[in-house]
Amino acid sequence: MKNIVVLVSGGGTNLQALIDAEKRGEIVGGKITCVIASKPDAYALERAKQNGIKTRVLVRRDFADVHEYSKAMLDALNEEKADLVVYAGFMTILDETVCRAYPNKMMNVHPALIPSFCGKGFYGLHVHEAVLEKGVKVTGATVHFVTEVCDGGPIILQGTVPVLNGDTPEVLQKRVMENVEWKLLPKAVALFCQDKIKVENGRTIIEEQ
Ligand code: GAR
């Protein structure tokens with residue numbers, strides 16, 4: 001059984017989607033064993049507690065710099081014997097030591113179609129604001145492995161939604177979450193737990209289900 005450690009910073013709706021998928025028996029071979037939050041008041045922590053999942057909190061300002069923070073995170077992941085680390089709305093920067101220690105074992109959900117609207121400064125609602133500002137007609141979300149290049153690791157799954165007249169960033173965010181993120185993140189985690197994702201030359205190959 002693979003230990004899944006989920007990193008969160010906010011509301012935790014993606015964490016909830018993972019919890020619900022696990023409860024439905026869709027994550028064969030894996031179990032969410034710990035949730036680590038970068039903010040003590042993240043509602044995601046409540047969701048974990050309500051479901052009997054161990055929680056930890058690592059706040060960036062309690063550490064001198066990004067390297068000290070990353071070392072503490074790496075220690076925590078090692079203590080939890082993580083087989084898979086999932087960024088589910090985790091908004092705090094870690095240095096390269098963490099993703100190097102877990103190559104192709106850390107995944108992130110990003111609320112746009114990478115390589116568009118990604119990289120530094122593109123997180124949360126800002127992504128949807130940029131999408132509306134540009135006027136693209138299709139957007140979506142991407143689940144990818146985490147490497148030292150921000151939002152640049154191998155793409156695992158992508159899904160799309162239309163951008164509609166009159167959309168606000170909030171309305172678009174909700175459409176992307178409901179139709180793509182909450183479905184694709186649990187799916188990618190399930191594929192990983194069944195060893196169905198291979199990485200070759202920076203690209204993933206998903207074994208047919
Ligand atoms: C999600 O939309 C996720 O894709 C995004 O933050 C939101 C977290 O919501 N992540 C990023 O922007 C990372 N670059 P949640 O806390 O309700 O899951």
Side-chain angles (χ1 to χ4, degrees), residues 1-10 12-23 25-40 42-60 62-63 66-110 142-157 181-182 184-199 204 206:
M1 188 64 96
K2 289 183 169 60
N3 294 331
I4 304 166
V5 176
V6 185
L7 309 189
V8 296
S9 298
T13 62
N14 279 288
L15 168 67
Q16 190 68 53
L18 289 170
I19 293 170
D20 293 345
E22 186 183 315
K23 281 189 179 161
E26 290 171 12
I27 304 191
V28 177
K31 185 174 167 41
I32 304 168
T33 48
C34 184
V35 169
I36 305 179
S38 63
K39 290 186 184 152
Y43 186 68
L45 286 169
E46 278 310 307
R47 298 180 189 271
K49 286 174 191 159
Q50 281 165 17
N51 287 279
I53 300 167
K54 178 179 177 181
T55 60
R56 299 174 72 140
V57 179
L58 281 176
V59 179
R60 172 66 182 81
D62 292 344
F63 297 85
V66 65
H67 304 297
E68 290 294 313
Y69 185 72
S70 300
K71 187 178 175 306
M73 181 61 78
L74 197 47
D75 288 347
L77 294 175
N78 291 338
E79 280 166 25
E80 297 302 330
K81 298 185 171 33
D83 296 302
L84 172 65
V85 181
V86 181
Y87 282 48
F90 183 69
M91 303 297 190
T92 306
I93 289 170
L94 298 171
D95 72 15
E96 67 286 354
T97 59
V98 185
C99 60
R100 281 186 193 158
Y102 288 87
N104 299 327
K105 290 178 179 173
M106 298 184 89
M107 56 174 74
N108 176 45
V109 59
H110 181 75
T142 303
V143 183
H144 65 93
F145 283 121
V146 177
T147 63
E148 43 204 287
V149 179
C150 180
D151 296 330
I155 291 168
I156 303 167
L157 295 172
E181 296 187 47
W182 299 344
L184 290 198
L185 186 60
K187 187 172 177 193
V189 168
L191 288 166
F192 180 93
C193 290
Q194 291 156 66
D195 297 313
K196 288 187 171 171
I197 310 174
K198 271 195 302 183
V199 180
T204 66
I206 313 285

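Computed from heavy atoms alone, side chains included, the values below leave out hydrogens, waters and symmetry copies. Each residue takes its place number in the sequence, starting with 1.
Annotation: K2, atom NZ; neighbour count of heavy atoms from other residues, nucleotides and ligands within 6.0 Å is above 12.
Between atom CZ of residue F192 and atom NZ of residue K105 there is a gap of 6.5 Å, rounded to the nearest 0.5 Å. Going from atom CE of M91 over to atom OG of S38 covers 9.0 Å, rounded to the nearest 0.5 Å. The distance from the OG1 atom of T204 to the CG atom of L191 is 9.5 Å, given to the nearest 0.5 Å. The structure places NZ of K198 at 11.0 Å from CD1 of I206, a figure rounded to the nearest 0.5 Å. If you take NZ on K54 and CD1 on I36, they are separated by 8.5 Å, rounding to the nearest 0.5 Å. Between N104 atom CG and L84 atom CG the span is 11.0 Å, to the nearest 0.5 Å.
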Apply side chain to side chain contact (heavy atoms under 4.5 Å, CB included) to M1 and T33, showing your working.
CA-CA 11 Å; M1 188 64 96; T33 48; over 6 Å; no
F145 vs I197, test: side chain to side chain contact (heavy atoms under 4.5 Å, CB included). Steps then yes/no.
CA-CA 11 Å; F145 283 121; I197 310 174; 3.8 Å; yes
What do the steps show when you test H110 against Y87 for side chain to side chain contact (heavy atoms under 4.5 Å, CB included), and what is the final call?
CA-CA 9 Å; H110 181 75; Y87 282 48; over 6 Å; no
Working for side chain to side chain contact (heavy atoms under 4.5 Å, CB included), residues R60 and T92:
CA-CA 7 Å; R60 172 66 182 81; T92 306; 3.9 Å; yes
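Side-chain atoms of T55 never come within 3.5 Å of backbone atoms of V35 as a donor-acceptor pair (strictly under, hydrogens ignored). Within the 3.5 Å criterion, the main-chain N or O of T97 finds a donor-acceptor partner in the side chain of D95. A donor-acceptor pair under 3.5 Å is absent between the side-chain atoms of Y69 and the main chain of I93, judged by distance alone. At least one donor-acceptor pair under 3.5 Å links the side chain of E22 to the backbone N or O of I32.
Annotation for D83 and N3: closest pair OD2-N, 2.7 Å, computed over non-hydrogen atoms. Shown here for V28 and C193, the closest heavy-atom pair between the two residues is O-CB, 3.4 Å. Here the closest non-hydrogen pair linking R47 and I19 is O-CD1, 4.0 Å. Annotation for A42 and S9: closest pair CB-O, 3.6 Å, computed over non-hydrogen atoms. Between A188 and I156, the closest heavy-atom pair is CB-CG2, 4.1 Å. When every heavy atom of T147 is checked against every heavy atom of C99, the shortest pair comes out as C-SG, 3.5 Å.
At a threshold of 4.5 Å between non-hydrogen side-chain atoms, the residues V85 and L7 count as touching. With a 4.5 Å cut-off on side-chain heavy atoms, F63 and M73 do not count as touching. M107 is listed as a side-chain neighbour of V189, based on a closest heavy-atom distance under 4.5 Å. I27 places a side-chain heavy atom less than 4.5 Å from the side chain of I4. Between V98 and M106 there is a side-chain heavy-atom pair separated by less than 4.5 Å.
A donor and an acceptor atom, one from each side chain of Y102 and N78, are located under 3.5 Å apart.
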